[in-house]
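Just so you know, these numbers come straight off a predicted model, no measurement behind them. Each chain gets a letter, A, B and so on, in the order the sequences are listed, and its residues count up from 1.
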Amino acid sequence: MNIATNIKQELENVLKKLNIEVQVPFVVEIPKDNTNGDYATNIAMQLTKILKQNPRSIANQVVELFNKDACNVEKIEIAGPGFINFFVKSTSFASLIKHVIDANDNFGKQDYGKGKKYDVEFVSANPTGDLHLGHAWQAALGDSICNLLTEVGYNVTREYYVNDAGVQILKLSQSIYARYQQALNIDVAFPEDGYHGPDIIKFANELKEKYGDTLLTKPLSYFKQIGIEYELNKIIKDLDMFRVKFDVFSHEVMLYEKGLVDEIIPLLKEKGYIYKQDGAIWFKTTAFGDDKDRVVKKSDGTYTYFLPDIAYHRYKLQRGFDYLVDILGADHHGYIKRMEAAIMALGYNKDQIQIIIHQMVKLIKDGEELKLSKRTGKAYTLKDLCDEIGVNATRYQFASKNPGSHMEIDIDLAVKQSNDNPMYYIEYAHARCCSIIKTYDELNVKDDTSGSLLSNSKEIDLLKHIGEYENVVLDAALNKAPFKITNYLYTLASLFHSFYNECKVIDKENVELTAQRVVLAKMTRITIKNGLKLIGVEALEKM
RNA sequence: GUCUAUAUAGCUCAGUGGAUAGAGCAAUUGUCUCCGAAACAAUAGGUCAUAGGUUCGACUCCUAUUAUAGACGCCA
């Protein structure tokens, strides 16, 4: 049990003694300045409205009723406008130390989710070309979110939606067919909106090598099928290299084949959300807060893309997931309201779906913006970046950004300064821990997890921060915010480096202290390793 | 015009109602006879875009304005 939680519980007891029934939104946290205690709470200020007294006098009452022995508190002070600051006994860390060492690889794992089922859909790039850096962000973000949710006890499925029924795929098959003909020296015009990428030319040449001209008589549907297979396999391979593995690939074509798409309009009609206008069929999404109604069936009789998407989300919910998460680029933000509308219209709860939007990636190369262009086939891909700076640094780079903020990547700078990536600072701390532990092992001394000799402020700061890890994991998971993990790890590495420089860990003259300090290195190593694993980065033992 | 984000140190970014707003890079200065100097310690650098409001307290919440990116089709 961690110390902050203990203090919080005791404060809840105090509230009961004061006969306060209502929820008080107070926090127990580590103050920035440790002269303000090891932990502090704002409970007195929060109570001003309820008790209608000044915060310092409330603080006095709280302190009087507070049972210090229940949570290893040595001293309590009231400071500033009414903060209550707690100073804990050094022995209070013994249970934390033992917990971290015993849990080891499992430190951080929690049962908060109680096995509830999440389906997280991300990347879902059309199989028409290589993954670009926007997909890299989605892949890193999505996979890390899945890891976090799993860590706190949810049952998570990673899902990829393959848009294989739309016009994009038709263009792909036409492009392949044209390139194939060109490979055979047949003079044909390349389709107007075709895919110009070099990969298609390469694929066409492979077809020529393998089959000669025997495919010329095949229908377009044949090229469609082999095209999807070829492109999707390439994507899967890249994702695998990026350490992202999907559990389920759902194909749009399958939704049509199973008749799921055709079921939607009658279903919505039954509930009264469908009407006809100008020869088209509309879904009344404004009933659920959208700013305008959406067409689901065009006047020419074909469906809009929206309809299969509704069918797809219904299909996911029917498979028994409690929550759905979609990760999309900012160019899809208009999509949120209408999809929520669809979910609600179908009788599900709005908070069963969450759509996470990440902002656009702006690429700078040679001092100017590099526009992604499928037409010209020129793009800087996920694989390009991984080849240049490595998978670890790439995963870290994308996991560490808040998806709500805009990202600018200067490729030349990223490559040149890859060692300045904050990840290396964290890796260095980990490698240092490993090195210390190795040296220590040769001494043949038994670990001491009591923590009784740890009194230096650097040691205490490190312990307190490690004690926060589980809360940070939970917070990051619930907010679906992997960047909270990277921020945490960075601070942890910093505290460790600082501790290392001030406190000699291995001291042959003082075996007792060595046996306790080395445990700090072990705790740090465990925490960094587990934290990095959540964002798909390997912890290095040597650099 | 409407919608969604974003605006914090010269640059890249933390900071989801609390105490003196924090890191890294860049600048200046110390620290390796010693467990890994890819590190540490220190100095300097900010009217938290602007103006109002909410309250014990606002970088944080609300409103308006400005700037930047993106979205607003019977396209996907």
Side-chain angles (χ1 to χ4, degrees), chain A residues 25-27 29 31-33 35-36 40-42 44-49 53-56 79-83 85 126 163 165-169 252 277-282 290-292 294-306 308-309 329-337 357-360 362 400-410 413 417 419-422 424-429 431-440 443 458 475 479 481 483-484 486-488 490-491 493-494 496-508 514 517-518 521 542-543:
Chain A
F26 70 94
V27 294
E29 57 186 6
K32 280 174 222 146
D33 182 349
T35 60
N36 288 327
T41 181
N42 61 348
M45 278 96 88
Q46 294 296 340
L47 284 169
T48 50
K49 278 187 206 100
Q53 297 173 32
N54 82 61
R56 287 195 70 111
F83 286 102
N85 300 335
N126 283 342
N163 288 101
V167 290
Q168 307 298 335
I169 298 297
E252 188 179 357
Q277 192 182 311
D278 305 330
I281 294 178
W282 297 70
D290 199 3
D291 55 350
K292 52 184 127 175
R294 308 288 166 177
V295 169
V296 285
K297 192 174 189 178
K298 295 180 263 183
S299 49
D300 67 3
T302 60
Y303 294 142
T304 63
Y305 76 96
F306 185 32
D309 274 1
D331 49 344
H332 287 84
H333 89 264
Y335 184 87
I336 298 177
K337 282 260 168 68
I357 296 289
H358 69 86
Q359 296 301 314
M360 298 282 102
K362 191 172 170 185
S400 64
K401 297 290 179 192
N402 183 338
S405 60
H406 302 260
M407 195 189 306
E408 196 172 284
I409 297 179
D410 185 325
L413 215 63
Q417 304 187 335
N419 265 11
D420 288 339
N421 188 316
Y424 289 97
Y425 183 76
I426 298 169
E427 293 281 18
Y428 183 59
R432 235 179 189 174
C433 288
C434 291
S435 173
I436 291 168
I437 293 164
K438 200 173 157 226
T439 310
Y440 169 81
L443 296 180
K458 303 283 183 191
D475 183 49
N479 287 295
F483 69 92
K484 294 197 178 208
T486 56
N487 287 345
Y488 171 87
Y490 193 86
T491 307
S494 168
F496 180 77
H497 285 311
S498 182
F499 154 72
Y500 174 87
N501 275 276
E502 181 151 326
C503 305
K504 192 163 168 55
V505 178
I506 293 177
D507 183 356
K508 286 173 188 163
T514 299
R517 281 188 170 162
V518 79
K542 278 186 192 160
M543 295 178 62

What is the distance, to the nearest angstrom, from the [atom1] atom on [X] to the [atom2] atom on [N]?
| X | N | atom1 | atom2 | answer |
| --- | --- | --- | --- | --- |
| A:Tyr500 | B:A39 | OH | P | 13 Å |
| A:Asp475 | B:G15 | CG | C1' | 13 Å |
| A:Ile426 | B:A39 | CD1 | P | 12 Å |
| A:Asn402 | B:U12 | CG | P | 16 Å |
| A:Lys484 | B:C13 | NZ | C1' | 15 Å |
| A:His332 | B:A76 | NE2 | P | 11 Å |
| A:Phe496 | B:A37 | CZ | C1' | 14 Å |
| A:Lys297 | B:C75 | NZ | C1' | 19 Å |

Please give the distance between the [atom1] atoms of [N] and [M] as a whole number of Å.
| N | M | atom1 | result |
| --- | --- | --- | --- |
| B:G73 | B:C11 | P | 37 Å |
| B:A23 | B:G70 | C1' | 29 Å |
| B:U16 | B:U6 | C1' | 16 Å |
| B:U31 | B:G57 | C1' | 42 Å |
| B:U8 | B:C59 | P | 15 Å |
| B:U54 | B:A64 | C1' | 15 Å |

Legend entry - Nearest-nucleotide comparison on RNA chain B, the residue closer to the 5′ end among A:Gly279 and A:Asp507: A:Asp507
Legend entry - Contact nearer the 5' end of RNA chain B, comparing A:Asn42 with A:Lys458: A:Asn42
Legend entry - Among B:U6, B:A38, B:A76, the one nearest A:Tyr428 by side-chain distance: B:A38
Inset, instruction - For the side chain of A:Ile506, starting at C-beta, report the closest nucleotide among B:C40, B:C35, B:A19. - result: B:C35
Legend entry - Presence of donor-acceptor pair under 3.5 Å, side chain of A:His333 and base of B:C72: no
Inset, instruction - May I ask you to verify whether the side chain of A:Ser299 and the base of B:C74 hold a donor-acceptor pair under 3.5 Å? - result: yes
Legend entry - Syn or anti conformation of B:C32, syn meaning chi within 90° of 0: syn
Legend entry - Sugar-phosphate only, base, or nothing, as touched by A:Lys508 at under 4.0 Å among non-hydrogen atoms: nothing
Legend entry - Parallel, tilted or perpendicular: ring planes of A:Phe499 versus A:Phe496, cut at 30 and 60 degrees: tilted
Inset, instruction - Any strand is fair game: report the nucleotide pairing with B:G45 by Watson-Crick or G-U wobble, both distances under 3.5 Å, or none. - result: none
Legend entry - A:Phe83 ring over B:G18 six-membered base ring, under 5.5 Å and 30°: no
